[in-house]
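Okay, so here's the structure we're looking at.
No experiment lies behind these values; they were computed from the predicted model shown.
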Amino acid sequence: MRPCRRCGHPTRVDRMVQGYGRNCAALLGLTGATVDTGHLGPDLLDLLELEPEDCCDGWDRPADSDLTGGRRRPGPATPPDR
């Protein structure tokens with residue numbers, strides 16, 4: 001517990017915002033708040049039900065495709081065999 005920098009009220013350290021207690025931080029505008037924007041229509045979470053289930057087709061895995069022509073990425077140098 002530490003005292004709030006504004007009011008001196010003992011506050012748990014994990015609940016402090018820049019040294020201020022939760023209520024004082026809100027009064028000073030240090031904490032964010034959500035604002036109702038009045039959005040109409042679907043949001044991204046509503047569209048999840050409309051999208052088909054994704055499947056892995058390998059287009060994003062060039063190492064598994066034949067587009068690399070068998071070339072490999074250069075890696076660290078290895079010492080020659082003795």
Rounded to the nearest 0.5 Å, what separates atom CE in Met16 from atom CZ in Arg2?
7.5 Å

With a 3.5 Å distance limit and no angle check, can you tell me whether Thr11 reaches the backbone of His9 through a side-chain donor-acceptor pair?
yes

Does some side-chain heavy atom of Cys7 sit less than 4.5 Å from a side-chain heavy atom of Cys24?
yes

May I ask you to establish whether Arg5 and Tyr20 are in a cation-pi arrangement, using a distance under 6.0 Å from NZ or CZ to the six-membered ring centre and at most 45° from the ring axis?
yes

Grab the two heavy atoms, one from Ala26 and one from Thr31, that are nearest each other, plus how far apart they are.
CA-OG1, 3.6 Å

So do Arg6 and Leu27 actually touch side chain to side chain, heavy atoms under 4.5 Å?
yes

